[in-house]
Amino acid sequence: SMTVSQLLGLADERVVPTLAAMPDVAGDIEFALAQGWLAQGDMARTEQLARRSLTRATGGGDRPREAMARALLSYVNY
């Protein structure tokens with residue numbers, strides 16, 4: 001059986017690169033993974049994934065996704 005941390009790490013390694021051609025979906029997955037790491041108490045990974053999600057949202061001009069990622073980053077950095 002896998003731990004939650006192992007599952008989150010596996011998803012980041014395998015799922016996100018597979019979705020590189022769909023930046024909005026990849027950004028959503030990164031955001032969801034960031035929330036998972038936040039629940040695990042790993043602020044460094046949370047911040048890393050939230051920043052990646054923010055980069056994708058900003059690059060695509062997606063203001064709602066950008067706002068979500070910025071809110072999560074604000075929480076992590078507070």
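Note: hydrogens, waters and symmetry copies are ignored here, and every other heavy atom, side chains too, is used.
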> When hydrophobic residues are tied together by side-chain contacts of less than 4.5 Å, even through go-betweens, does Leu72 share a cluster with Leu54?
Replying inline: no
>> Test of understanding: clusters of I, L, V, M, F, W, Y form through side-chain heavy atoms closer than 4.5 Å, transitively. Do Phe31 and Met43 belong to the same one?
In response: yes
> Looking only at heavy atoms, which two atoms of Ser53 and Gly27 are closest? And how far apart?
Replying inline: OG-O, 3.0 Å
> Should Arg63 and Glu66 count as side-chain neighbours, where that means a heavy-atom distance under 4.5 Å?
Replying inline: yes
> Would you say the side chain of Asp12 lies within less than 4.5 Å of the side chain of Arg52, judging by non-hydrogen atoms?
Replying inline: yes
>> Please check: side-chain N/O of Gln6 versus main-chain N/O of Thr3, any donor-acceptor pairing under 3.5 Å?
In response: yes
> Mind checking who shares a hydrophobic cluster with Leu8, ILVMFWY linked at side-chain heavy-atom distances under 4.5 Å?
Replying inline: Val4, Val15, Val16, Leu19, Met22, Val25, Ile29, Leu33, Trp37, Leu49
> Could you state the interatomic distance from CG (Asn77) to CD (Glu47), rounded to the nearest 0.5 Å?
Replying inline: 4.5 Å
> Using 4.0 Å as the upper bound for N to carboxylate O, is an ion pair formed by Asp24 and Arg56?
Replying inline: no
> If every non-hydrogen atom of Asp62 is compared with every non-hydrogen atom of Arg65, which pair is closest and at what distance?
Replying inline: OD2-NH1, 2.5 Å
> Distance from Thr58 atom OG1 to Arg51 atom CZ, nearest 0.5 Å?
Replying inline: 11.0 Å
> Is the shortest heavy-atom distance from the side chain of Thr46 to the side chain of Tyr75 under 4.5 Å?
Replying inline: no
